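Input: a single structure, listed below in structure tokens.
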Amino acid sequence: MKVLVIGGGAREHALCRSLSLDPDVTALYCAPGNAGIAEVAELRPVDALDGAAVARLATELGAGLVVVGPEAPLVAGVADAVRAAGIPCFGPSGEAARLEGSKAFAKDVMAAANVPTARSYVCTTPEEIDTALDAFGAPYVVKDDGLAAGKGVVVTNDLEEARAHALACDNVVIEEFLDGSEVSLFAITDGVTVLPLTPAQDFKRARDGDEGPNTGGMGAYSPLPWADPKLVDEVMQSVLQPTVDELRRRGTPFSGLLYAGLAITSRGVRVIEFNARFGDPETQVVLARLKTPLARILLGSANGTLDTEPPLNWRDDAAVTVVIASHNYPGTPRTGDPIEGLDAVAAEDAPDAYVLHAGTRQDGDAVLSAGGRVLSVTATGTDLTQARERAYAAVARIRLDGSQHRTDIAQKAASEA
């Protein structure tokens, strides 16, 4: 089977890496891709937001499956265009992708499906914003209703900072703060059947100790030794299946990857947010532990045949990923800096540790930074302690002027395991 992956970040690199190891995949393409993805897939140029162009490319390549990675193309309806061309596509329709594209829409779906989530207000005027902030008090949780590349959420004790962020949004969701640990749980669905993946935990704050501004994610790990063994079953019954059932009831069935960001609060599990695609950086650690060949599962979602699939198979190994980000991320990042040491990681650390590219570009023989989050260094080990050691040993080999990374990814979980 020929597979075309749309996107060019670390998430797509992780997907391409897994697909390249799948014996069912006879040819692998990525559009537009990045410098690292070029090592495992043939790159093709495309405007990822242009559904007609993506469908033409898939037709020209004879793709038997298209995987749409990023959220913006999904919300733009790229998966619809591919399916209209008669090609199986992994990813929800533009209408169903509103589950990520509009937080207000997601809240409405959750309310209809009785999915537990934070109490919230959808605000469109300064007066409504002030009322909502006053109702919930600090810490203030303010979310841009639309897509914001992982930077649309502000959690702060500073009322003026919260109000300023809210006023900068066209529509904004203000909600109560949820205490407790956060967990990410992915599920692959065809609109009826739901297959949960293994849980992961990511680190949203820019600096050690969960300090600094929110980011798209600075690292992740899996499994979660502290989590209740019944967590996945509970989330399936109270969150994932009801959400899929509600979207199907509305006539907008959701097929693809449903991502639930969860808070394990003192009052039970609550949904923080939904995403309509694999999350970054959690994808890196989840796929590192998946033994079941990936292409078959994705095709089953696209074709509506997940009910015939056996349970997913997982490695016992732990996985840790550490994000290396550009200078000034998550503000305006500095780009164009050369990245050195990638060959050293490949020579010294593989296969237990490897580098996934996010914001990079090729310039002759050199690889340069081209975004905020530049690389994800992922490692596996018999436990979280060994996986952490391998990940940070690989990080130490990489040189990127002015770069930053957290040094405490999975540290607490490893020490308590």
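Keep in mind that what you see is a predicted model, and the values were worked out from it rather than measured. Numbers here simply count residues along the sequence, with the first being 1.
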Which donor-acceptor pairs under 3.5 Å do side chains of residues 269-276 form with protein atoms, sequence neighbours excluded?
{"residue": "R270", "atom": "NH1", "partner": "R267", "partner atom": "O", "Å": "3.4"}
{"residue": "R270", "atom": "NH2", "partner": "R267", "partner atom": "O", "Å": "3.4"}

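- You'll find the side chain of M218 stays beyond 4.5 Å of the side chain of V322, heavy atoms only.
- Under the salt bridge (Lys or Arg N to Asp or Glu O under 4.0 Å) criterion, D24 pairs with no residue at all, not counting sequence neighbours.
- The side chain to side chain donor-acceptor pair (under 3.5 Å) pairs that include a residue from residues 181-200 are S184-Y259, S184-E282, T198-R289, where partners are two or more places apart or lie in different chains.
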Trace of the salt bridge (charged side-chain N to carboxylate O under 4.0 Å, His left out) decision for D401 with R334: CA-CA 10 Å; D401 187 49; R334 191 174 81 198; 2.8 Å; yes
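- The distance from atom CD1 of I398 to atom NE2 of H405, rounded to the nearest 0.5 Å, is 9.5 Å.
- A salt bridge is defined here as a Lys NZ or Arg NE, NH1 or NH2 lying under 4.0 Å from an Asp or Glu carboxylate O, and R406 with D210 meets this definition.
- Going from atom CG of L368 over to atom OG1 of T360 covers 9.0 Å, rounded to the nearest 0.5 Å.
- Interatomic distance, R399 CZ to I324 CD1, rounded to the nearest 0.5 Å: 11.0 Å.
- In this structure, R248 does not pair ionically with E246, as no charged nitrogen and carboxylate oxygen lie closer than 4.0 Å.
- The shortest distance between side-chain heavy atoms of L4 and V67 does not fall below 4.5 Å.
- In this structure D383 satisfies the side chain to side chain donor-acceptor pair (under 3.5 Å) test with no other residue, sequence neighbours excluded.
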Could you pull out every donor-acceptor pair under 3.5 Å between side chains of residues 304-314 and any protein atom, sequence neighbours left out?
{"residue": "T308", "atom": "OG1", "partner": "T305", "partner atom": "O", "Å": "2.7"}
{"residue": "E309", "atom": "OE1", "partner": "R296", "partner atom": "NE", "Å": "2.8"}
{"residue": "E309", "atom": "OE1", "partner": "R296", "partner atom": "NH2", "Å": "3.4"}

Audit row: D108, R250, side-chain contact (heavy atoms from CB on, under 4.5 Å) steps and yes/no: CA-CA 12 Å; D108 184 64; R250 292 177 177 222; 2.9 Å; yes
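- Atom CG in D317 sits 11.0 Å away from atom OG in S222 (nearest 0.5 Å).
- Atom CZ of residue F90 and atom CG of residue L294 lie 8.0 Å apart, to the nearest 0.5 angstrom.
- Of all non-hydrogen atoms in L43 and A38, the two that sit nearest each other are CD1-CB, 3.7 Å.
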Listing, residues 223-234 side-chain donor-acceptor contacts under 3.5 Å, not counting sequence neighbours, or none:
{"residue": "W226", "atom": "NE1", "partner": "Y221", "partner atom": "OH", "Å": "2.8"}
{"residue": "D228", "atom": "OD1", "partner": "K230", "partner atom": "N", "Å": "2.8"}

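- Residues passing the ring pair (Phe, Tyr, Trp, His ring centres under 6.0 Å) test with Y121 are F136, sequence neighbours excluded.
- For S120 against V173, the heavy-atom pair with the smallest separation is CB-CG1, 3.9 Å.
- Within the structure, the side chain to side chain donor-acceptor pair (under 3.5 Å) test picks out no pair touching residues 4-15 (sequence neighbours left out).
- A salt bridge is defined here as a Lys NZ or Arg NE, NH1 or NH2 lying under 4.0 Å from an Asp or Glu carboxylate O, and D202 with K204 meets this definition.
- Annotation: side chain of V5 is in contact with side chain of L19 (closest heavy-atom distance under 4.5 Å).
- Side chains of Q284 and T378: no donor on one and acceptor on the other come within 3.5 Å.
- Between Y140 and V155, every side-chain heavy-atom pair lies at or beyond the 4.5 Å cut-off.
- Side chains of L167 and R163 form a contact here, defined as non-hydrogen atoms less than 4.5 Å apart.
- With values rounded to the nearest 0.5 angstrom, L28 atom CG is found 13.0 Å from R17 atom CZ.
- Nearest heavy-atom pair, A295 versus M1, reported as atom, atom and distance to 0.1 Å: CB-CE, 3.6 Å.
- In this structure, Y29 has no ring pair (Phe, Tyr, Trp, His ring centres under 6.0 Å) partners at least two apart in sequence or on a different chain.
- A salt bridge links E176 with R119: the closest approach of a Lys/Arg side-chain nitrogen to an acidic carboxylate oxygen falls below 4.0 angstrom.
- Among residues two or more places apart in sequence or in another chain, the side chain to side chain donor-acceptor pair (under 3.5 Å) test is passed with T382 by Q386.
- In this structure, A387 and G381 approach most closely via the heavy-atom pair CB-N, 3.8 Å.
- Taking K2 as the reference, nothing meets the salt bridge (Lys or Arg N to Asp or Glu O under 4.0 Å) condition, with sequence neighbours excluded.
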Chi angles and distances behind the salt bridge (charged side-chain N to carboxylate O under 4.0 Å, His left out) call for E71, R277: CA-CA 6 Å; E71 59 272 28; R277 38 75 194 182; 3.4 Å; yes
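- Salt bridge status for D145 with K103: absent, with no side-chain N to carboxylate O gap under 4.0 Å.
- Using a 4.5 Å cut-off on side-chain heavy atoms (C-beta onward), V367 and P338 make no contact.
- Using a 4.5 Å cut-off on side-chain heavy atoms (C-beta onward), F203 and T321 make no contact.
- Among residue pairs with one or both ends in residues 229-250, none qualify as ring-ring contact (aromatic ring centres under 6.0 Å, His included); sequence neighbours excluded.
- Taking every heavy atom of both residues into account, S93 and A96 meet most closely at OG-N, 3.1 Å.
- With contacts defined as side-chain heavy-atom distances shorter than 4.5 Å, the pair H327/Q404 does not qualify.
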